[in-house]
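Worksheet for the structure shown next.
So you know, we letter chains A, B, ... as the sequences are listed, proteins then strands, and number each from 1.
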There are 2 protein chains.
Amino acid sequence: MPTSKSAKAPDMPAPASPAGKEGRKLSNFLCFAVYSTNLAFGRAYKPILDALGLTYTQYIALVALSEEDDQTVSMLGEKLFLESNTLTPILKKLESTGYLTRHRDPADERQVRVSLTPAGRNLLLDVDPGGTLIAATGLGDDFPVVQQTVTRLRDNLLRAQAEPEKS
Amino acid sequence: MPTSKSAKAPDMPAPASPAGKEGRKLSNFLCFAVYSTNLAFGRAYKPILDALGLTYTQYIALVALSEEDDQTVSMLGEKLFLESNTLTPILKKLESTGYLTRHRDPADERQVRVSLTPAGRNLLLDVDPGGTLIAATGLGDDFPVVQQTVTRLRDNLLRAQAEPEKS
DNA sequence: TGCGATTTAATCGGATACGATATATATAAG
DNA sequence: CTTATATATATCGTATCCGATTAAATCGCA
């Protein structure tokens, strides 16, 4: 572990300036770009999802559930990068509103199998038929590239955490 | 503005397949890429910030404060894309730990001026001297481009929300 | 077979986000 | 000068995230 005296921020590329405070601006942090973009997406979705009585996380969970029936909480968590402590309350709420069903797997009572109801499946069809948000991104033809690049960034970050250390 | 009847997801590029359920997968959502990357960044920062007793948002707030003294809560909120309902509790906590000062502006008692203490400024110098997270992004030379692209995406989304409608 | 170790959800507490509201101060109108 | 309006924070309730713990079921292996 190098006892560097440059105290560079963890999230920035090689400093253009001599690594002083100049480069330590919020606008140079990739993590902040992602953080604030996530906030912006949440706000963009809000009016659309409010009309359906869904939160953003609930919507994402329904989309993940639409991909496959009878998923366990763990399987869903792997897709969403969340764990049962976050998912359980959300799934219970979506169950209470009738968009999904939850029941213990008879073959292994530890697991809970979750499936969309027809109501839940129909709800997803109501989300933004016009696709206004695509235009709102302003990315045009770059859309797929950005999507792929951000996904790669995510996977890189998670892989780095999984590895104990890479010399 | 295409009045599609395909019930396309709001967040996806033109569907490769006939816009059926095939394209409605989580992995095709740009918003989910950003959402999950934000989670990944939070987890990557956790061990670093835990050692300093800071949360991610607290750290971001300190960085923003390091750019300028005597900022009001509103000014800080503009930089962080947050409002007083979120910032006030965070600033109070950072004040209680001695990393910043808060006091009403004598010239306008409605405003609260916030400044880093020397302890707060020193704390920022301790963050990840090695810059391990830069490597963890795995972006290499693309780092600045990705940073800029994501920032542009954020600004586009926010601008689209600010506009009432674009015919 | 029996029992400790592992696995899966769920629960609990702390820390954000954010809409809605409240409070205090400042400004404007008359 | 006095009230109505506007502005800047703060408070409150709801919904995530997440670490730590708990509870129940299953598995491993002597």
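Per the geometry, CG belonging to B:Leu91 stands 12 Å off P belonging to D:dT11, to the nearest Å. B:Leu82 has its CG atom 9 Å from the C1' atom of C:dT16, to the nearest Å. The interatomic distance linking A:Gln58 (CD) with D:dC17 (P) rounds to 10 Å, in whole Å. Distance B:Tyr59 OH to C:dA15 C1': 19 Å, rounded to the nearest Å. Distance CG (B:Asn85) to P (D:dA15): 16 Å, rounded to an integer number of Å. A straight line from CG of A:Asp70 to P of C:dT8 spans 17 Å, rounded to a whole angstrom. Distance, B:Asp50 CG to C:dG14 P: 16 Å, rounded to whole Å. As rounded to whole Å, 11 Å separates atom P of D:dT16 from atom CG of A:Leu49.
Comparing B:Glu83 and A:Asp108 by the nucleotide of DNA chain C whose heavy atom lies nearest to each, the residue mapping closer to the 5' end is A:Asp108.
As judged by a 4.0 angstrom heavy-atom cut-off over every strand, B:Leu87 is placed among residues making no nucleic acid contact. Using a 4.0 Å heavy-atom criterion, one finds that A:Ile90 contacts the sugar-phosphate atoms exclusively.
Of the side-chain N and O atoms in B:Thr86, none sit less than 4.0 angstrom from OP1 or OP2 of C:dA17. Listed pair A:Arg113 / C:dT8 fails the phosphate criterion, with no side-chain N or O lying under 4.0 Å from OP1 or OP2. Between B:Tyr35 and D:dC17, a side-chain N or O to OP1/OP2 separation shorter than 4.0 Å is present. For A:Arg43, a side-chain nitrogen or oxygen approaches OP1 or OP2 of C:dC18 to under 4.0 Å. Here B:Thr88 reaches the OP1 or OP2 of D:dA10: one of its side-chain N or O atoms lies under 4.0 Å away. Side-chain nitrogen and oxygen atoms of B:Lys92 include at least one within less than 4.0 Å of the OP1 or OP2 phosphate oxygen of D:dT11. The phosphate of D:dT9 (OP1 or OP2) has a side-chain N or O of B:Ser74 nearer than 4.0 angstrom. Using a 4.0 Å cut-off, some side-chain N or O of A:Thr57 falls inside it from OP1 or OP2 of D:dC17. For C:dA15, one of the phosphate oxygens OP1 or OP2 lies less than 4.0 angstrom from a side-chain nitrogen or oxygen of B:Lys93. Dashed line: the shortest gap from a side-chain N or O of A:Thr72 to OP1 or OP2 of C:dA9 is under 4.0 Å.
In summary, A:Arg102 and A:Glu95 engage in a salt bridge, as defined by a charged side-chain N under 4.0 Å from a carboxylate O. With respect to A:Arg113 and A:Asp105, a salt bridge is recorded, a charged nitrogen being found less than 4.0 Å from a carboxylate O.
Each of C:dG19, C:dT25, C:dA9 was ranked by its minimum atom distance to the side chain of B:Glu109; first place goes to C:dT25. Residue A:Val112 places its side chain closer to C:dA10 than to any other of C:dA20, C:dA10, D:dC18. With C:dT8, D:dT26, D:dC18 as the candidates, the nucleotide lying closest to the side chain of A:Gln111 is C:dT8. Proximity note for A:Thr55 (side chain, C-beta onward) versus D:dT9, D:dT11, D:dA15: the nearest is D:dA15. Closest to the side chain of A:Arg110, out of D:dA10, D:dA24, D:dT16, is D:dA24. The side chain of A:Val73 approaches C:dA10 more closely than any other nucleotide in the set D:dC18, C:dA10, D:dT9.
The aromatic rings of A:Tyr59 and A:Tyr45 sit tilted relative to each other, their planes meeting at an angle between 30° and 60°.
Judged by distance alone, the side chains of B:Gln161 and A:Lys46 never bring a donor and an acceptor atom under 3.5 Å apart. Counted by atom type alone, A:Asp70 and A:Ser115 present one or more donor-acceptor pairs between their side chains at under 3.5 Å.
Within 6.0 Å of the CG atom in A:Asp50, the count of heavy atoms belonging to other residues, nucleotides or ligands exceeds 12.
Residues B:Leu39 and A:Leu82 meet the side-chain proximity criterion, which asks for heavy atoms closer than 4.5 Å.
The base of C:dA10 sits within donor-acceptor range of the side chain of A:Ser84, with an N or O pair under 3.5 Å.
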